[in-house]
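The next block holds one structure in the form of structure tokens; read it before the comments.
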Amino acid sequence: RKGNIILRNCSAKSNGTGEGFVIEGWHLPKTFIVENCTFFDVPDAIEFIQADNGKIYKNKIYNSGDDGIDLDGSNNVLIKNNIVFNSFDNGITIGNENFGPSKAIIENNLIVGCSIGITIKDSSSATISKNTLHNNSIGIKILEEEIGLGGSSASIINTIISKSIENYSIDLKSSIE
């Protein structure tokens, strides 16, 4: 349980089944970094579970069968300078899956052709800054997905949402700044 997890300059290709890099941190004081990796056809290409103080940086994700980047119960994670194309579900999703809320900074990412560009759910929070979301069904979705887990919040700054069916969707329990 000691040491850091640092994945750099990796490449992964899948047949569309399984998962990509799943990093479980158990909220221990470690360094979690996935940097400059490329994923083709990998569901949940990058997933952090209870991995605090992480960095997901300069990755390229193509045709994920689920989410491109998925945070579950992970706090103080920087998601920056990534490219996500054609994720079946979310380009980036923050929160829950029975691991509790997450907190992230999502900055300068390009997310194209996903069902939802960015989802913040179940008491999670994020600062969404300088991203470009293009041709997604929904640009940004903020919600309480599971009843009783609470609404979510996001601060959205200088983010471009274009050619989406809906620019954003927010439920009554959640907030946007």
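What you see below is based on every heavy atom in this structure, not just the backbone, and it leaves out hydrogens, waters and symmetry mates.
- Hydrophobic clustering of Ile, Leu, Val, Met, Phe, Trp and Tyr side chains at less than 4.5 Å, counting indirect connections, unites Phe48 with Leu7.
- At most 12 non-hydrogen atoms from other residues, nucleotides or ligands lie less than 6.0 angstrom from OH of Tyr168.
- For the pair Ser64 and Ala45, the tightest heavy-atom approach, listed with the atom from each and the gap, is OG-N, 4.4 Å.
- In this structure, the separation between CD1 on Ile49 and OG on Ser74 is 7.5 Å, given to the nearest 0.5 Å.
- Side-chain heavy atoms closer than 4.5 Å link hydrophobic residues (I, L, V, M, F, W, Y) into clusters, and following such links, even through other members, never connects Ile157 to Ile105.
- Asn82 has its side chain out of reach of Ile61: every pair of non-hydrogen atoms, C-beta onward, lies at least 4.5 Å apart.
- With values rounded to the nearest 0.5 angstrom, Ile138 atom CD1 is found 11.0 Å from Ile161 atom CD1.
- Proximity of Cys114 to Val84: side-chain heavy atoms (C-beta onward) are separated by under 4.5 Å at one or more points.
- Smallest separation of non-hydrogen atoms from Asn9 and Cys37: N-SG, 3.9 Å.
- Considering only heavy atoms from C-beta on, Asp52 stays 4.5 Å or farther from Asn76 through its side chain.
- With rounding to the nearest 0.5 angstrom, the CD1 atom of Ile140 is 5.5 Å from the CG atom of Leu133.
- Note that the CD1 atom of Ile118 and the CD1 atom of Ile94 stand 8.0 Å from one another [nearest 0.5 Å].
- Connection of Phe21 to Phe32 is established within a shared hydrophobic cluster, with ILVMFWY side chains joined at heavy-atom distances below 4.5 Å, either directly or through further cluster members.
- When each of Lys130, Lys58, Lys55, Lys80 is tested with Glu107 by the rule salt bridge (Lys or Arg N to Asp or Glu O under 4.0 Å), just one qualifies, namely Lys80.
- Atom OG in Ser155 sits 11.0 Å away from atom CD1 in Ile106 (nearest 0.5 Å).
- No side-chain donor-acceptor contact under 3.5 Å links Asp67 and Thr93.
- Both Ile56 and Ile23 are part of a single hydrophobic cluster, where members link through side-chain heavy atoms under 4.5 Å apart.
- Sorted by first and then second residue, the pairs that involve residues 131-146 and meet side chain to side chain donor-acceptor pair (under 3.5 Å), not counting sequence neighbours, are Asn109-Asn131, Lys121-Glu145, His134-Ser162, Glu144-Lys173.
- At least one donor-acceptor pair closer than 3.5 Å links the side chain of Asn96 to the backbone N or O of Asn98.
- The shortest non-hydrogen separation linking Ser14 to Pro43 is OG-CD, 4.3 Å.
- Note: Ile170 CD1 to Ile156 CD1 = 7.5 Å, rounded to the nearest 0.5 Å.
- With hydrogens and angles ignored, the 3.5 Å screen pairs no side-chain donor or acceptor of Ser124 with any backbone N or O of Lys103.
- Within the 4.5 Å cutoff, side-chain heavy atoms of Ile79 are placed close to those of Leu71.
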- Message: Between Lys60 and Ile83, is the side-chain contact (heavy atoms from CB on, under 4.5 Å) condition met? List the steps.
- Response: CA-CA 5 Å; Lys60 296 175 184 168; Ile83 297 172; 4.3 Å; yes
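- Smallest separation of non-hydrogen atoms from Val42 and Glu19: CG1-C, 3.9 Å.
- Nearest heavy atom pair, residue Asp66 against residue Ser87, reads O-CB, 3.6 Å.
- Contact between Asp122 and Ser152 at its shortest, heavy atoms only, is N-OG, 3.0 Å.
- Put simply, Phe85 and Phe88 are part of two different groups of oily side chains (I, L, V, M, F, W, Y) that touch within less than 4.5 Å, one to the next.
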